[in-house]
Amino acid sequence: MVELYQYLLLNKDEKAKYLWEYGSFIINLVENDTASNLYSLNGYFVEVMLADNIIVEITAFKKGERLNKYLDFIDVSIF
């Protein structure tokens with residue numbers, strides 16, 4: 001199992017591959033022309049930012065501003 005800090009050290013392709021294999025999709029949000037997909041993975045969250053269906057950024061976190069934008073749409077206590 002890859003812990004949060006180990007995951008953060010992976011490159012974008014490695015992060016994506018591991019996430020697709022072991023992560024659980026939670027929700028998709030679309031703001032302007034950017035989509036954000038939130039996943040649960042090994043006790044932390046992973047946000048995948050997409051523009052024109054291309055991965056722009058993959059970021060892992062446990063709490064904070066990135067998670068706050070999803071809180072109106074999901075119950076994080078189940079993760």
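What you are looking at is a predicted structure, and each value in this text was computed from that prediction instead of being measured. Throughout, numbering of the chain's residues begins at 1 and tracks the sequence.
With sequence neighbours excluded, the residues forming a side chain to side chain contact (heavy atoms under 4.5 Å, CB included) with N68 are E65, L71, listed by chain and number. By the ring pair (Phe, Tyr, Trp, His ring centres under 6.0 Å) test, Y44 pairs with Y7, sequence neighbours left out. Evaluation of the side-chain hydrogen bond (donor to acceptor under 3.5 Å, both in side chains) rule for T59 yields E57 as partners, not counting sequence neighbours. Residues satisfying the side chain to side chain contact (heavy atoms under 4.5 Å, CB included) test with A51, not counting sequence neighbours, are V56. For K63, the side chain to side chain contact (heavy atoms under 4.5 Å, CB included) criterion is met by no residue, not counting sequence neighbours. Partners of Y70 according to the side-chain hydrogen bond (donor to acceptor under 3.5 Å, both in side chains) rule, which considers only residues two or more places apart in sequence or in another chain, are E47. Listed by chain and number, the residues in a side-chain hydrogen bond (donor to acceptor under 3.5 Å, both in side chains) with Y18 are N42 (sequence neighbours excluded).
Here the CD1-CG distance, from I74 to L67, works out to 6.0 Å after rounding to the nearest 0.5 Å. Rounding to the nearest 0.5 angstrom, the gap separating the CZ atom in F25 from the CG atom in N37 is 5.0 Å. Remark: S40 OG to I27 CD1 distance equals 13.5 Å, nearest 0.5 Å. Annotation: the span from I26 atom CD1 to N28 atom CG amounts to 12.0 Å, rounded to 0.5 Å.
Checked against the 6.0 Å centroid threshold, W20 and Y39 count as a close aromatic pair.
Sorted pairs that involve residues 1-11 and meet salt bridge (charged side-chain N to carboxylate O under 4.0 Å, His left out), not counting sequence neighbours, are lacking altogether. Legend: salt bridge (charged side-chain N to carboxylate O under 4.0 Å, His left out) pairs involving residues 6-31, not counting sequence neighbours, sorted by first then second residue: E31-K69.
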